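First up is the structure itself, then whatever we jot down about it.
All figures in this text were calculated on a predicted structure; none of them were measured in a lab. Computed over heavy atoms, backbone and side chain alike; hydrogens, waters and symmetry mates excluded.
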Amino acid sequence: MGQDGRVSTASAVQPSPHHHAALGPATRPNLVSVGTIVWLSSELMFFAGLFAMYFTIRGVVPEQWAAETPKHNVLFAGVNTLILVISSVWCQLGVMKAEQGQAGRTGSLLQVGRWGMREWYVLTYIFGAIFVSGQAWEYAKLCSEGITLSSNGYGSVFYMTTGFHAIHVTGGLIAFLLIIARSFTARRYTHAQAAGAIVTSYYWHFVDVVWIALFAVIYLLK
């Protein structure tokens, strides 16, 4: 075959540089995960501002802390914190199943070892809902004892810090419901769905760590 034929064959076999550029590197990070991490970094700065506000007002009116902190039920708050921490364990077990492509259980409900992402995320949701309900009960009790959002500086920073965290936990619970519902509607559990479950776990672990810091500052550091 002539030179023109060899050139044509080489052009047909060798992909163009533009083709490689379109595919991108094989090790390119998941953009959803990267975006979630960047967003959580901004959320971390938001909570850092709340902590700064808390310590600033405490330094200005320490007598309010001396009068109000004894009204907290530290044991109840500690148990509620433990519930949230355990929920992160269930969440991570769900992530492991999501990474394996197992959306639901492969055996009976009593066979915990054969649960899928869905069952572990339902359990995570239940524990998270118990935590938020516990906070609501604590709010009602403190309001009956005179600690309200407008009572004094301590009441304002207490409800703002814990309240914003409760809103974030509620957002996580909504995300779990969406992930669980999506696993029912899809015919096949895809990598994209697993990525959604994984980034939701990033968020849940984040609110867990933030609450541990809040618990230490509000209930232990008196």
Side-chain angles (χ1 to χ4, degrees), residues 24-25 27-60 65 77 80-96 98-99 117 120-121 124-136 138-139 149-150 153-183 190-221:
T27 58
R28 184 176 60 185
N30 186 291
L31 296 181
V32 177
S33 298
V34 173
T36 302
I37 293 172
V38 172
W39 174 63
L40 290 179
S41 299
S42 68
E43 289 294 292
L44 182 62
M45 298 303 296
F46 170 77
F47 279 103
L50 291 180
F51 277 105
M53 177 187 66
Y54 181 92
F55 284 111
T56 299
I57 298 179
R58 178 176 178 170
V60 174
W65 266 250
N80 210 30
T81 299
L82 182 61
I83 290 173
L84 186 64
V85 171
I86 293 175
S87 74
S88 271
V89 177
W90 307 147
C91 179
Q92 193 58 36
L93 291 174
V95 169
M96 293 172 59
E99 291 175 338
M117 178 278 299
W120 287 116
Y121 270 25
T124 305
Y125 177 89
I126 292 173
F127 272 58
I130 292 174
F131 172 81
V132 174
S133 300
Q135 275 198 295
E138 185 182 21
Y139 284 174
L149 183 63
S150 58
Y154 177 81
S156 297
V157 295
F158 170 77
Y159 287 108
M160 286 185 66
T161 52
T162 59
F164 274 116
H165 180 268
I167 293 173
H168 281 72
V169 173
T170 303
L173 295 178
I174 295 173
F176 280 124
L177 289 179
L178 294 175
I179 294 296
I180 294 168
R182 191 180 178 189
S183 70
T190 63
H191 175 73
Q193 289 178 311
I198 292 169
V199 298
T200 301
S201 75
Y202 293 167
Y203 178 83
W204 193 251
H205 296 323
F206 169 79
V207 297
D208 192 344
V209 172
V210 169
W211 176 254
I212 292 174
L214 284 173
F215 173 76
V217 168
I218 295 174
Y219 296 92
L220 302 181
L221 188 62

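When only modelled atom types and interatomic distance are considered, H165 and Q135 share no side-chain donor-acceptor pair under 3.5 Å. In this model, no donor atom of one side chain and acceptor atom of the other lie less than 3.5 Å apart for W90 and Y125.
Minimum interatomic distance between T161 and F47 (heavy atoms only, all atoms of both residues): O-CE2, 4.5 Å. W211 and T81 get closest at one heavy-atom pair: NE1-OG1, 2.8 Å. Contact record, G128 with S87: N-CB, 4.5 Å, taken as the closest heavy-atom pair. Pairing each heavy atom of H168 with each of F46, the nearest pair is CE1-CE2, 4.2 Å. Considering every non-hydrogen atom in both N80 and I130, the closest pair reads OD1-O, 3.8 Å.
Atom CG of residue L221 and atom CZ of residue R58 lie 4.5 Å apart, to the nearest 0.5 angstrom. One distance of note links OG of S201 with CG of L93; it measures 11.5 Å at 0.5 Å rounding. Separating the OG1 atom in T162 from the CD1 atom in I167 is a distance of 10.0 Å, to the nearest 0.5 Å. A distance of 12.0 Å separates CZ of F206 from OG of S88, quoted to the nearest 0.5 Å. Going from atom SG of C91 over to atom NE2 of H205 covers 4.5 Å, rounded to the nearest 0.5 Å. Going from atom CZ of F164 over to atom CG of L50 covers 6.5 Å, rounded to the nearest 0.5 Å.
Between the side chain of Q193 and the backbone N or O of R182 there is at least one donor-acceptor pair closer than 3.5 Å. Under a 3.5 Å cut-off, the side chain of Y139 and the backbone N or O of G163 do form a donor-acceptor pair. Here the side chain of S156 pairs no donor or acceptor atom with the backbone of S150 at under 3.5 angstrom.
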For side chain to side chain contact (heavy atoms under 4.5 Å, CB included), just list the numbers for M117 and I179, CA-CA rounded to whole Å, side-chain angles, deciding distance to a tenth of an Å, and then say yes or no.
-> CA-CA 10 Å; M117 178 278 299; I179 294 296; 4.0 Å; yes

W204 vs T200, side chain to side chain contact (heavy atoms under 4.5 Å, CB included): CA-CA, chis, key distance, verdict | CA-CA 6 Å; W204 193 251; T200 301; 5.6 Å; no

Tell me, with the steps shown, if L149 and F158 meet side chain to side chain contact (heavy atoms under 4.5 Å, CB included).
-> CA-CA 8 Å; L149 183 63; F158 170 77; over 6 Å; no

Please lay out, stage by stage, how Y154 and I57 fare under the test side chain to side chain contact (heavy atoms under 4.5 Å, CB included).
-> CA-CA 8 Å; Y154 177 81; I57 298 179; over 6 Å; no

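Ring orientation note: the planes of W65 and Y54 are nearly perpendicular, at an angle over 60° on the 30°/60° scale. Using cut-offs of 30° and 60° for the angle between ring planes, the F55 and F51 rings count as parallel.
Side-chain contact between V210 and V207: absent, with no pair of heavy atoms (C-beta onward) separated by less than 4.5 Å.
Under the 6.0 Å cut-off for aromatic ring centres, W120 and F176 do not qualify, their centroids lying 6.0 Å or more apart.
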